[in-house]
Amino acid sequence: MGIQEELREAVSAGLATLGIELPGSEVHLERPQRLEHGDWSSNVALSQAKQAGTNPRQLAEELAAALRSAPPRFVETIETAGPGFVNFRLGPGWLHEILREVVTAGEEGYAASDLGGGERVQIEFVSANPTGPVHVGNGWFGSYGDSLARVMGRAGWQVSREYYVNDTGGQMRSLGESLLARRRGEAPPEGGYQGEYVLELASAYEGPEDVLEAGRWASERILADIKTTLARIDIHFDEWYSQASIEESGRVADTIELLRQKGHVYEEDGAVWLRSTDFGDSRDRVLVKSNGDATYLAGDIAYHRDKFLTRGFDRVIDVLGADHHGQVASLKAGVAALGVDPARLEVRLGQLVSLVGERMSKRSGHFVSLDFLIDELGPDVTRLMSLLSSIDQATTLDIDAAKRESMENPVYYVQYAYARIASIGRVAAERGVERCPLDQVDLTLLVHPRELDLLRQLAELPRVVAEAATERAPYKVTNWARALAGSFHGFYHDCYVMGEDVPPRLTQARLLLVEAARIGLAISLRLLGVHAPEEM
RNA sequence: GCCCUCGUAGCUCAGUGGAUAGAGCACCGGCCUCCGGAGCCGGGUGCGCAGGUUCGAGUCCUGCCGAGGGCGCCA
């Protein structure tokens, strides 16, 4: 049982002596923002006072008194403060226990959990149309989706990463027309693809003057480039799922038939409609156009039928740009019509990324490619920039500013901490200082405020990873990594590991602390997809 | 017109209904005899506006203002 659970149980027991029944699992505990408020704090007196028929301050006082008579482990003082908080100040022992835990669990085990209970979740992200290079926005949500997958994986979900490849007729034809036009030395048709890349592809194309075949050929080349680009920022997929394959296999028609059998479909004006209003949509939607073609929605429903009913994912998370907001209700309705609980489909809409003075559009050819951004900033900066804040936050990226600031960038701040740790290791090796086994190190020597601050930070990582997973918010890991790096730099400055006046036993304890910091940083950087460099 | 998301320091952003709202950047001062100065220490009244809910609101509700996005037999 960790210290947090022990405190919860103690509070629960203390409340019981006052005639208030509240299970330990429901006791709210938090780490106060200010150190003067102790190491742990509970607001139960505030939340329970009303039911108990007393005022919060009085209840807090009574609870504190009850707890003082049988203080939990490591607790040194119990105080009441503010409107009725009960604050616990702990001795450094609990932090030494954390240190032991971090080093024992190591890079693979620390902050890993079974929170997801092995639930099979598919995360679909990027899914950019293979009609042109991926742009900055794709990379932004790509980093998000990939790090979310890493975070949820560490928190006990069984995660699969998927890219939906939109390689169906209409777009392939348009791409093919643009390609063939370029090969003939003409401008692409109205509404075609104007980008430079089409010109390059056209000069390499040696196939027949067939629009569809030219389009398919081009999209394959483009998709290969997309894979290469995403791999530069360490994004890889378990599955590249072809939309055309669903159509060609007849599963779209099949799905529409299934919906018809379930009575959710009707015909009007020569088209086939889904009665999506029965499932919360604002209007009914067309599944088959009057010209006989299936709509995008029909394909998307068939695709999600495959996700849920054929492949059997417990949960599906679609990461989309906010510009896809309009299709969410229809897709959820379609899923519900199939008999799948729509709550199992989670759509994360990311606010759009804009660039200073740029308007991105693939068709017009005006966009900043992800490759360009990586060339400018490097893979680590590119990746971390997009994981600096919530995807609910609309951002305007200023590439020039990012370059100017690159030496002051948070990435370097964090990586520098890692490099310093590695450097300590090298110096220790040079001086022949070897690390003792864990059970021979006297951790009680670690009492410097900087040391304890670093340990407090390390203690947070399991909670941060769990929160990042359940809230689908990998940027929380970024915040933690920055905070840990800050704690480490402070420690590094004030606490020499192998300084002249540092006794060997303290050196040993600090070496272990440094190793724990390294483990924490390595874990967080790996979750973020950023390198942990030995040197810079 | 209707719907969704977002408005926090000069800038980029944190902030499970809790205590004196925090970081980084930029700006101004300090700090190298020892493990990397890409570092450390100090310098700060800003929650778009107005109501409401309650012991307590940056956080929840309503309205307004502002920004972005959506409302196709496009994908």
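Letters go in sequence order (proteins before strands), and every chain restarts at 1.
- Counting any heavy atom pair closer than 4.0 Å across all strands shown, A:Gln327 reaches a base atom.
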Exercise answer: donor-acceptor pairs, residues 265-273 of chain A side-chain atoms, under 3.5 Å, sequence neighbours excluded:
unit_1: A:Tyr266; atom_1: OH; unit_2: A:Asp284; atom_2: OD2; d: 2.8
unit_1: A:Glu267; atom_1: OE2; unit_2: A:Arg260; atom_2: NH1; d: 3.4
unit_1: A:Trp273; atom_1: NE1; unit_2: A:Glu268; atom_2: O; d: 3.1

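- Note: A:Tyr241 and A:Tyr303 have tilted aromatic rings, judged against thresholds of 30 and 60 degrees for the angle between ring planes.
- Rounded to a whole Å, the CZ atom of A:Arg34 is 8 Å from the P atom of B:rA21.
- B:rG17 and B:rA75 have their C1' atoms separated by 43 Å, with the value rounded to a whole Å.
- Using a 4.0 Å heavy-atom cutoff across all strands shown, A:Glu430 reaches no nucleic acid atom at all.
- Atom-to-atom, CG of A:Asp392 to C1' of B:rG69 comes out at 13 Å; the value is rounded to the nearest Å.
- Here the C1' atom of nucleotide B:rA23 and the CG atom of A:Leu484 are 15 Å apart, to the nearest Å.
- Within 4.0 Å (heavy atoms only), A:Ala81 reaches at least one base atom of the nucleic acid.
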Show me the protein contacts with nucleotides 7-13 of chain B, counting only N or O atoms at under 3.5 Å.
unit_1: B:rC13; atom_1: OP1; unit_2: A:Ala394; atom_2: O; d: 3.4

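- Within the nucleic acid shown, A:His489 comes within 4.0 Å of sugar-phosphate atoms alone, with no base atom in reach, counting heavy atoms only.
- The side chain of A:Ser41 sits closest to B:rA19 out of B:rA19, B:rA38, B:rG39.
- In this entry the distance linking OH of A:Tyr303 with P of B:rA75 reads 17 Å, nearest Å.
- A distance-only check finds no donor-acceptor pair linking the side chain of A:Ser12 to the backbone of A:Arg8 [under 3.5 Å].
- The side chain of A:His325 sits closest to B:rG70 out of B:rC40, B:rG18, B:rG70.
- The residue among A:Ser290 and A:Ser42 whose nearest nucleotide of RNA chain B lies closer to the 5′ end is A:Ser42.
- Atom CD in A:Gln33 sits about 7 Å away from atom C1' in B:rG22, given to the nearest Å.
- Ring pair A:His489/A:Tyr413: centre-to-centre distance below 6.0 Å.
- A:Asn87 comes within 4.0 angstrom of a base, heavy atoms only.
- Separating the NE2 atom of A:His324 from the C1' atom of B:rC74 is a distance of 11 Å, rounded to the nearest angstrom.
- Interface residues of residues 506-522 of chain A facing RNA chain B, ordered by number: none; criterion, heavy-atom separation under 4.0 Å.
- Proximity of A:Lys476 to the phosphate of B:rA23: no side-chain N or O atom is located under 4.0 Å from OP1 or OP2.
- Note on A:Arg450: only backbone sugar-phosphate atoms sit closer than 4.0 angstrom, heavy atoms only; bases stay farther off.
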Per-nucleotide protein contact string for nucleotides 31-36 of chain B, where B marks a base within reach and S marks sugar-phosphate only (heavy atoms under 4.0 Å, - for neither): ---BBB

For nucleotides 54-61 of chain B, tabulate all protein N/O to nucleotide N/O atom pairs closer than 3.5 Å, reporting atom names and distance.
unit_1: B:rC55; atom_1: OP1; unit_2: A:Lys50; atom_2: NZ; d: 2.5

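- Counting heavy-atom neighbours within 6.0 Å of A:Glu257 CD, excluding the residue itself, gives a total above 12.
- At the heavy-atom level, A:Asn43 lies under 4.0 Å from base atoms of the strands shown.
- Residue A:Glu467 is classed as having no contact, given no heavy-atom separation below 4.0 Å to the nucleic acid.
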Strand RNA chain B in bracket notation, Watson-Crick/G-U under 3.5 Å with | for pairs to another chain: (((((((..((((....[...)))).(((((.......)))))....(((((..]....))))))))))))....

